[in-house]
Structures are given as structure tokens and as C-alpha cells.
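What follows is a short report on a single structure.
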Amino acid sequence: MKGKVFVIGLGLIGGSLAMAVRHAHPEAVIVGMDLSEKNIQLSMLLGIIDDSVSSLEAGACEADLILLAVPVNETVKILAQLADMDLKSDVLISDAGSTKDTVVKAAKPLIDKGVAFIGGHPMAGSHKSGAAAAKLHLFEHAFYLLTPGDTIKEEKVEQLKGWLQGTRANFLIVSPATHDKLTGVISHFPHIVASGLVKQAENYSKENKLISRLAAGGFRDITRIASSSPEMWRDILLHNRDVLLELMNDWLNEMEHIKGLVANEESEEILRFFTDAKIFRDDLP
Ligand code: NAD
């Protein structure tokens with residue numbers, strides 16, 4: 001496809017999306033913008049983008065496709081600014097944010113103006129950030145959730161999939177609320193638990209320095225995601241607040257339950273707790 005693609009946020013996700021667009025559409029011109037001069041310089045150097053702009057307007061008004069890959073709070077602010085701009089009439093806008101309900105709501109003024117905004121979330125990533133971590137194949141075989149509203153025409157969704165075909169991801173359409181519930185369960189809440197486990201180990205390490213040296217193997221595996229960008233995760237928690245509050249309550253109940261089993265030495269039930277978890281875990285694809 002020919003045209004101008006404007007990528008806002010040249011970090012892990014924006015950089016990887018730009019690479020995928022470039023791969024499938026070598027004739028497209030990719031323009032980038034970022035608050036970090038370092039990420040802009042690196043994106044130019046690595047050939048991720050053809051050019052950079054320093055104002056939103058300069059990139060947005062000429063673009064055929066705008067991809068936002070910034071923390072969700074920034075996405076919401078940028079969508080409000082885009083709604084006041086004179087964009088191309090057939091521009092397509094999408095984002096890569098990890099939450100969708102507040103983002104799609106923030107796009108309402110744009111959608112009301114007839115602009116095609118389709119929320120997106122490529123379900124792959126890493127605990128690394130910045131353009132240096134971007135990879136062409138980051139999203140290969142991963143799910144890529146899209147949340148087009150009822151007013152968005154099917155052809156626009158197909159057009160977006162066409163632009164993003166270089167990701168080689170599997171696209172799935174869901175509602176914003178369903179997206180936030182699913183990702184709350186399998187990504188956002190586990191992230192809170194991982195960081196909580198690290199904080200617990202940190203507290204105990206004040207008592208015994210051996211904790212840090214022994215925290216290898218399984219502990220490292222289940223806490224790897226705690227090394228992700230704190231700013232990004234702050235925004236995700238604040239933008240998926242209601243779902244996460246419900247999941248925290250469920251978790252506290254589950255912990256109370258297992259605490260009771262341990263306190264009462266209920267061997268059979270403890271065995272059932274681990275067996276049920278193992279059966280579900282072993283069945284995951
Ligand atoms: P990142 O930190 O690697 O990159 C974000 C980039 O956005 C940075 O370069 C930063 O300087 C830039 N930025 C921040 N505010 C900006 C603004 N107002 N204008 C222009 N640039 C701005 O983060 P990332 O991992 O690429 O995450 C980007 C988005 O993708 C987030 O919304 C995140 O929720 C989502 N996401 C992340 C992952 C993951 O695993 N990291 C996976 C899927 C989706």
C-alpha cells in the first residue's frame with residue numbers, strides 16, 4: 001500500500017509496528033514522532049522511519065495512517081488533540097495501548113467527526129522498552145486484538161489489517177470491555193502479582209542478603225515482567241481500574257481460602273488446589 005504512515009511513540013511497540021509496516025509496504029513513507037530525541041535518532045539510524053516531525057500537527061495532517069504507540073494516558077491526550085486537527089478525510093487511526101475502554105471513549109470526538117478510529121492491541125511484547133528493543137518479528141503468530149466501534153465500516157477494518165499484515169499476527173475483533181476483562185485476567189493482574197512478589201522478596205532481603213542470590217530459577221521466571229516500564233504499567237492500572245479492583249477481590253478470596261487450608265492442614269484440599277491449577281496450566285496451548 002502507498003501512503004504516509006505517522007507513528008507516534010518510537011519505542012518497543014511503535015518501532016516494531018513501523019518495521020512490520022515497512023516490510024509489507026516498502027513504498028510507504030514512514031514518519032515518526034517521540035518525546036525522546038534518542039529514540040528518534042535511533043529510529044532514523046536503524047531505518048525504522050524515513051523522517052521525523054517535532055509537532056503532532058505536522059505529522060498527522062498529511063498522514064493516511066496514524067499509529068499511536070505511547071503510554072495509554074498519553075494516547076488519550078493525543079486523541080483529544082487529533083480531534084481538533086484538519087486531518088485527511090480518509091485517514092485511518094489506530095493505537096497499540098494495553099487498555100481499550102478509556103482509549104475508545106477518548107476517540108469518540110474523532111469518530112463523531114467521521115474519522116475511522118480502530119482500537120488495537122498487539123498481544124506480544126517484552127519487559128524491554130525503547131526503539132533499541134524493536135523487532136520486525138515481535139508480533140508473529142501473536143493475537144492482535146482490534147476493537148472497532150459499531151460505526152466503523154468493515155472495509156476500514158480490512159484496510160487496517162492490510163497495513164498491519166507485516167506483523168503476521170492473528171487479528172481478533174472484540175469489544176473494548178471484553179478486551180479489558182481478558183487482558184486484566186491474563187496480563188494486567190499477573191503483572192501486579194509479579195511486582196508484589198518482587199517487593200516481598202525485597203523486604204525479606206533486608207533481613208537476609210541471601211534472598212537476592214537465591215532468587216533464581218522459578219522466581220526469576222514468574223517475576224520477569226516486573227522489569228517492564230513502570231510508567232506504562234501505572235497507566236494500565238489506572239485505565240483498567242474497575243476490572244482490576246474486581247480481580248484483586250477475587251484474588252484476596254482465593255488467598256484467604258488457601259490460607260485457611262494451610263492453617264488447618266487440609267492436605268486433600270491443598271492437593272486439589274495444585275492439581276486443578278496443573279490441569280488447566282498443562283492444557284494451555
Ligand atoms: P516504550 O516505553 O518502549 O515506548 C513508548 C515511547 O513513547 C517512548 O519512546 C516515549 O518517549 C514515547 N512517548 C511517550 N509519550 C509521548 C508523547 N506524548 N508523544 C510522543 N512520544 C511519546 O513503550 P512500549 O512498550 O512501546 O509501549 C507503548 C504502548 O504499547 C503502551 O500503550 C503499551 O501499553 C502498549 N503495549 C506494550 C506492550 C509491551 O509488552 N511493552 C505490549 C503491547 C502493547
Side-chain angles (χ1 to χ4, degrees), residues 6-20 31-46 48-49 52-60 63 66-82 85 93-104 106-107 119-140 142-147 164 167 169-172 176 179-180 182-184 186-188 190-191 194-195 224-240 244:
F6 181 35
V7 181
I8 308 167
L10 300 165
L12 168 75
I13 301 297
S16 302
L17 286 176
M19 283 176 171
V31 176
M33 181 182 161
D34 200 292
L35 294 180
S36 145
E37 193 53 39
K38 186 178 148 220
N39 276 342
I40 294 175
Q41 296 296 335
L42 201 58
S43 302
M44 290 291 284
L45 203 71
L46 296 172
I48 293 175
I49 56 170
S52 70
V53 286
S54 49
S55 83
L56 196 59
E57 202 146 15
I66 302 176
L67 293 174
L68 290 97
V70 293
V72 216
N73 224 27
E74 295 301 307
T75 304
V76 164
K77 288 188 214 156
I78 292 171
L79 286 171
Q81 292 174 51
L82 290 176
M85 289 179 193
I93 307 180
S94 188
D95 78 307
S98 305
T99 62
K100 290 275 75 75
D101 204 39
T102 54
V103 168
V104 173
H121 180 193
M123 302 268 300
S126 146
H127 55 285
K128 296 182 186 156
S129 36
K135 280 189 207 150
L136 169 61
H137 299 295
L138 186 66
F139 310 115
E140 203 167 320
F143 283 108
Y144 198 131
L145 302 185
L146 297 177
T147 63
L164 298 172
T167 58
N170 299 316
F171 295 99
L172 267 187
H179 168 278
D180 287 2
L182 295 174
T183 54
I186 55 105
S187 167
H188 307 166
H191 201 96
S195 297
R224 180 184 52 80
I225 52 177
S227 291
S228 310
S229 156
E231 291 79 16
M232 181 179 108
W233 280 98
R234 175 202 53 204
D235 282 13
I236 291 173
L237 263 59
L238 296 177
H239 283 262
N240 204 11
L244 290 173

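Numbering of ligands and ligand atoms starts at 1, following listing order. Side-chain atoms are counted along with the backbone in the values below, which use heavy atoms only and exclude waters and symmetry mates. Numbering of residues begins at 1 and proceeds along the displayed sequence.
- Closest protein heavy atom to atom 21 (N) of ligand 1: Leu35 N, 3.3 Å.
- Heavy atoms from other residues, nucleotides or ligands lying under 6.0 Å from CD of Glu57 number 12 at most.
- The main-chain N or O of Gly119 is never found under 3.5 Å from a side-chain atom of Lys100 such that the two would form a donor-acceptor pair.
- Looking at ligand 1, you'll find an N or O of Ser126 within less than 3.5 Å of one of its N or O atoms.
- Of the N or O atoms in Met232, none lie within a sub-3.5 Å distance of an N or O in ligand 1.
- Between Thr167 and His137, every side-chain heavy-atom pair lies at or beyond the 4.5 Å cut-off.
- When only interatomic distances are considered, the shortest N/O to N/O separation between Ile13 and ligand 1 falls below 3.5 Å.
- Closest heavy-atom approach to atom 43 (C) of ligand 1 among the candidates Gly125, Ala142, Pro122: Pro122.
- Not one N or O on the side chain of Asn39 forms a donor-acceptor pair closer than 3.5 Å with the backbone of Gly11.
- Looking only at heavy atoms of the protein, atom 6 (C) of ligand 1 is closest to Asp34 OD2, 3.7 Å.
- Under 4.0 angstrom from ligand 1, there are no non-hydrogen atoms of Ser229.
- For His188 (side chain) and Ile236 (main-chain N/O), no donor-acceptor pair under 3.5 Å exists by modelled atom type.
- Selection from Gly15, Ala124, Ser98 by nearest heavy atom to atom 42 (C) of ligand 1 gives Ala124.
- The ligand atoms of ligand 1 that sit less than 4.0 angstrom from a heavy atom of Val72 are 32 (O).
- Counting heavy atoms of neighbouring residues, nucleotides and ligands inside a 6.0 Å radius, atom CZ of Phe171 exceeds 12 of them.
- For ligand 1, the polar-atom distance check against Ser129 finds no nitrogen or oxygen pair separated by under 3.5 Å.
- The Asn39 neighbourhood of ligand 1 comprises atoms 8 (C), 9 (O), with distances under 4.0 Å to a heavy atom of that residue.
- Between Leu12, Leu68, Leu138, it is Leu12 that holds the heavy atom closest to atom 41 (N) of ligand 1.
- The residue Lys77 has no part lying near ligand 1, judged by heavy-atom distances below 4.0 Å.
- Judged by distance alone, the side chains of His239 and Thr102 do bring a donor and an acceptor atom under 3.5 Å apart.
- At a 4.0 Å heavy-atom cut-off, ligand 1 touches His121 through the side chain alone.
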